[in-house]
Structure formats: structure tokens, C-alpha cells
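Order of the sequence lines sets the chain letters (A, B, ...), proteins ahead of strands, with each chain counted from 1. Fair warning: this is a prediction, and the values are worked out from it, not measured in the lab.
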2 protein chains.
Amino acid sequence: MSASHTPEDVHDRCAHCVGRRLSVCSSIDDCDLAILANESSRMTVADGRSFIEEGAPANDFFVVTGGRVKLFTLLPDGRRQITGFAEGGHFLGLAASTSYAFGAEALGGATLCRFPHAGMQRLTERFPTLEHRLREEASRELALMQARMTLLGRKTARERVATFLIERCQHLEKPDLSRPVELDLPMPRTDIADYLGLTIETVSRILSAFKKEKLISIRSITHITLLMPERISTIAEGME
Amino acid sequence: MSASHTPEDVHDRCAHCVGRRLSVCSSIDDCDLAILANESSRMTVADGRSFIEEGAPANDFFVVTGGRVKLFTLLPDGRRQITGFAEGGHFLGLAASTSYAFGAEALGGATLCRFPHAGMQRLTERFPTLEHRLREEASRELALMQARMTLLGRKTARERVATFLIERCQHLEKPDLSRPVELDLPMPRTDIADYLGLTIETVSRILSAFKKEKLISIRSITHITLLMPERISTIAEGME
DNA sequence: CCATCACCTTGACCTGAATCAAGTCTGGTA
DNA sequence: TACCAGACTTGATTCAGGTCAAGGTGATGG
């Protein structure tokens, strides 16, 4: 799985990677990319395949370089909480001390870049700004989680679904809530439900209600248009 | 508010602080304590007083040096989610990019050590292991939050209260679930409810039910004994 | 072109926790 | 010692969202 290419190859692998633009890798200079590439390896995960096992020893960090991934925790009887969706550029594996606090699996296929902890440590020793960047990443994640705890602990089903839709908007390259927004929801209803702490039936009903209220239009299961994004945003904040 | 003491004073302030043992400050050598102390300042917060305002510009980190603190987020209509309780040694302020993602207030009075971001940056530049320590702290916190999201999204009221009791045990110096455990619950029921995403009535009812089932005994409002900690732990995991 | 399967929607009903409304207990004060 | 205020408990009732049970839909393959 480890890199066995020429220096040009490995340099290029990082140079053209989304992680290079979006993720922690951006804190490394161009000239040092080969070092970065040598500490990491590419991997592909098929749809629905798991690549982080909750509770397993945490030996690697990952950067999502393509496709999508879902992160979750399980209760012994199978109840599942999806703690996040991750796509290109997202850094995974900070929520772990010795073992992973979450499981992860591909959502429609994903490519990842894997950094063994030992290699990451060599990198942070060599590039101290990387360590700072990791902390920033953790802080960003922590701030998101605060908001999600409020969603799960205190918001109504309607507010949760509205929040989810607005979150999806904000993942777009150019978020603009002042006009209709076309959204792609690549995850099945089950995943949306497990993300929001609801059942699929409730998610479905609320989307139908939004449709009836002309807040959204449902072009297909995965394709939704927010007709009044600002009203949805108001609902999401619990102000309606 | 900044330190204006003799070097011995400031050295001593850090040398005898709980943060010295428990928090990120442990990554600094004894001989450098004066530097640490010079970048920080002590403050006292009275019961119920707020010292971090959600959404305010994040200018400081804090270490809880005494007493207790609660962290929370609010919805516009006043609904509150308590995202954590913090006590001696706990590091605060990582869940922020430019502004704080949470508010914080003292729970029965607290003393804090404040580190302005600029000072912390000087410290991390001088002591690179400190940056690593901050990341570890963030990772620990992230792992906790994963579990809390599962609690809020997927556990029943009974499971939530049981989880809360078990969490309290684990904050004890010597956690041992094999025999009865005496617990002190220094927070009012309102705070427990807002932490668990429930109402005070539900929390109260479930504690009463646990009492009737001889799982706990309630010596006073703040003083509870877990008679069968392992059964409570089983309930907490959703396995009963 | 139809059958199948997986996923989604809709409806009817149920239930766990919220809400509303009394009590009760506690510690502080006079 | 009695009073009071605030925090907690308990009971009655309601309701949001879950559960159970049919349908619908759309992609795939024969």
C-alpha cells in the first residue's frame, strides 16, 4: 500500500490532490510535497465499505480525496448516530486517543489518503505549522459539534430537517440563500435520519410538508431545490 | 489583569495550580513556569456569572483552576443545550475559530486562568510540545462529543440519565463500578436536563424511578449513591 | 415490457417525553 | 419557631414523533 513510485510521481500525487487545496496538506510547501507523499498512501473504498472500525486501535489519519464518507457511532443494539458526512478535503481521525471514537464508511465510493500516526508525527516534527493546522482542524470540528449537539438535544424534527438542508447549502462552493438553491442529497433517507436523530418516516414526512408549503421542490429522491432558502434558514434557527 | 508580581510569585502561581498537573500546562518544564505565568492571568467568576459569550470574538483560552463551569449553546428563543461541565484542569476555548461556538458560566463559583491567544501563540512557538498537547486536548474533547451526540440523538431518557450518572463516576479520582458509589451532583436539575436534552420533570421522574428500583439512593438533592453501578452502566449502554 | 428489489412515501395508531398544574421539601431569615 | 422563596417532585393530560403497515417509484435484469 506504501508509495513505491518515482519522486515525480509522488510529488504529483499530492500536487493535484483536493487535500492540497483544502486540507491540512496546504501547510506544506510545494518543494516538500515528496516528503508528504512518502508518508501517505492512497486507497479506494467501495460504496458501503467500512474503513474505520469504532473502538479499533487508532493507527491512521485520513484525508478524503474523492467521493463521500459517513462517520457514525453505534449502540450495542444497532441504533446508529451519524456524527458527520465528509467529502473532498476533509481530515479524519482526530476524534481518537488510542482507539477511534467513531466508525467510517464510504457513501457511494470514496478515495482516501492514509497517514499512519508515526508518519504524521515525523511530518509534524519537520513542519511545525502542520501541528497548528491540525489543531485548527480540530477546533473547526469542535465548533460544528457544538451546533450539532444543540440540534440533537433541543431542536424539533422540522427544525432539524431545515438545518440539514441549510448545512447542505453551505457545503456548496458559492453559498447564497437569497435565491433558490439546487441541492444534491447523495445519502439515503436512512442516513439523513440517523444524522438528525429521527426516523426515515419523519424525515420523509417533513420533506413532503416543506414541499406542500412550497418551501422546496423535490425533483427526484436525491435532487431538491430550496425555493425559499431564507425561510428555511429561519425555521432552522427555531425562529418561526 | 496581567501579572505584575515578582518572578517567585508568578512561578509559584503555576507550580501549585491544578492545571499544572492536569492540563496543557503540564507540557512546560518547571524552569519555564515564569514564562507561562507571565502569559496568563488569574480570574474569579461568581456563581452564575458568564465569562464566555457565545458568538463573541474568541480572544482567550481558559484553564479551570477551581470550582466548576458549564458550557452551553442557546437558540434564539432561549432553548439551551449544555454541551459540557468543566472542572479543575479542564482547558476551554478550543471550540472556536474567530468567535466562540459556546457560552460559559460559573457553576457555584470558579477560578480560571486566562491565556490570551497572542500569548498562547508565543508559548506554542517557544514550546512546540504545547501545540501537540493542545491537539490532544481537542481530540479528547472530540471523542467525548461523539458519544454525547449518540446520547442526544439515539438514547432514551432512561439511558441518558443512567449515562449521566456513570459519567459522573468516571470523573471521580478512583472510578470503581463494582461497588456502591457516592456521587455529588453540584448542578441543579435544570442543568442536568439541558445537558441531557430532557426536561427537569423527566430527569426528576427517572431519578425517582431508579430509586424505587433500588438502583440508587437519594440522600439529598445533590448527594446520590449508586447502589448498583454496573446495572446502571448496562442501562446507560442501552442493553436492558 | 414486465418482474423484482430496494428505497421512499403515506396513513393509522401508539407511546415516551413534554406540558401544565399542584404539591413538597429545603435552607435562609426574622 | 414560623415563614418564605426557590428548587424539586409528582400527577394528569397532551402531543410530537415513533412504530407498524400498506402502497408507490424507479432502476435493473430477464
Side-chain angles (χ1 to χ4, degrees), chain A residues 47-48 70 75 77-82 107-108 151-165 183-213 216-224 235 238 240, chain B residues 47-48 70 75 77-82 107-108 151-165 183-213 216-224 235 238 240:
Chain A
D47 185 22
K70 57 190 171 199
L75 289 175
D77 63 0
R79 278 174 285 174
R80 185 179 67 155
Q81 177 64 44
I82 291 191
L107 179 63
L151 177 139
L152 293 171
R154 288 300 181 217
K155 287 191 180 176
T156 65
R158 209 174 140 81
E159 289 161 1
R160 293 181 201 203
V161 174
T163 306
F164 173 73
L165 294 174
L183 279 186
D184 200 56
L185 302 184
M187 65 290 288
R189 298 286 187 263
T190 319
D191 287 353
I192 301 179
D194 283 349
Y195 179 65
L196 298 176
L198 300 170
T199 59
I200 45 172
E201 292 95 331
T202 300
V203 171
S204 187
R205 269 186 257 273
I206 287 173
L207 287 174
S208 299
F210 283 170
K211 180 170 135 191
K212 197 177 299 175
E213 296 170 42
I216 66 174
S217 78
I218 302 179
R219 302 174 47 187
S220 82
I221 278 173
T222 62
H223 214 176
I224 283 182
I235 296 171
E240 98 124 12
Chain B
D47 186 21
K70 58 189 171 197
L75 289 174
D77 63 359
R79 277 174 286 173
R80 185 178 67 154
Q81 177 64 45
I82 291 191
L107 179 63
L151 178 140
L152 293 170
R154 286 301 181 218
K155 287 191 182 179
T156 65
R158 208 175 142 79
E159 289 161 2
R160 294 181 200 203
V161 174
T163 305
F164 173 73
L165 294 174
L183 280 186
D184 200 56
L185 302 183
M187 64 290 286
R189 296 287 187 264
T190 319
D191 288 352
I192 301 179
D194 282 349
Y195 179 65
L196 298 177
L198 301 170
T199 59
I200 47 171
E201 292 96 328
T202 299
V203 171
S204 187
R205 267 187 257 274
I206 286 172
L207 287 174
S208 299
F210 282 171
K211 182 170 133 192
K212 198 177 297 178
E213 297 171 41
I216 65 174
S217 77
I218 302 177
R219 302 173 46 185
S220 81
I221 278 173
T222 61
H223 214 174
I224 283 183
I235 296 170
E240 97 124 11

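- Smallest separation of non-hydrogen atoms from A157(B) and T202(B): CB-CG2, 3.7 Å.
- Between L183(B) and L165(B), the shortest heavy-atom contact is CD1-O, 3.6 Å.
- Atoms OH and CG, from Y195(B) and L151(B) in turn, are 7.5 Å apart once rounded to the nearest 0.5 Å.
- For I221(B) and dT10(D), the CD1 to P distance is 11 Å, given to the nearest whole Å.
- S204(A) comes within contact range of at least one nucleobase, with a heavy-atom separation under 4.0 Å.
- Using a 4.0 Å heavy-atom criterion, one finds that L198(A) contacts the sugar-phosphate atoms exclusively.
- For E201(B) against dC8(D), a side-chain-to-base donor-acceptor contact under 3.5 Å is absent.
- For the pair I218(B) CD1 and dA7(D) C1', the interatomic distance rounds to 14 Å; values are reported in whole Å.
- T156(A) comes within 4.0 angstrom of sugar-phosphate atoms only, judged by non-hydrogen atoms across all strands, and of no base.
- Across every non-hydrogen atom of I235(B) and F210(B), the tightest pair is CD1-CE2, 4.3 Å.
- Here the C1' atom of nucleotide dT10(D) and the CD1 atom of I200(B) are 12 Å apart, to the nearest Å.
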Run the side-chain donor-acceptor check on residues 184-194 of chain A: report pairs under 3.5 Å with partners two or more places apart or on a different chain.
residue : atom : partner : partner atom : Å
R189(A) : NH1  : I221(A) : O            : 3.3
R189(A) : NH2  : I221(A) : O            : 3.3
D191(A) : OD1  : K70(A)  : NZ           : 3.2
D191(A) : OD1  : R80(A)  : NH2          : 2.7
D191(A) : OD2  : K70(A)  : NZ           : 2.7
D194(A) : OD1  : R154(B) : NH2          : 2.8
D194(A) : OD2  : R80(A)  : NE           : 2.6
D194(A) : OD2  : R80(A)  : NH2          : 2.9

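- Rounded to an integer number of Å, the gap from CD of E159(A) to C1' of dA16(D) is 12 Å.
- Reading DNA chain C from its 5' end, the first and the last nucleotide to sit under 4.0 Å from a heavy atom of chain B are dA17(C) to dC20(C).
- Within 3.5 Å, no donor on the side chain of R160(A) pairs with an acceptor on the base of dG17(D), nor the reverse.
- dA7(D) atom P lies 21 Å from atom NE2 of H223(B), rounded to whole Å.
- At dG17(D), none of the side-chain N or O atoms of T202(A) fall inside 4.0 Å of OP1 or OP2 (strictly under the cut-off).
- The nearest whole Å value for the distance from the CZ atom in R154(B) to the C1' atom in dG18(D) is 10 Å.
- The distance from atom CE of M187(B) to atom P of dC8(D) is 12 Å, rounded to the nearest whole Å.
- Across every non-hydrogen atom of R160(A) and L196(A), the tightest pair is NH1-O, 2.9 Å.
- No donor-acceptor distance shorter than 3.5 angstrom exists from the side chain of R79(B) to the backbone of K155(A), with no hydrogens or angles considered.
- Rounded to a whole Å, the NZ atom of K212(B) is 11 Å from the C1' atom of dG11(D).
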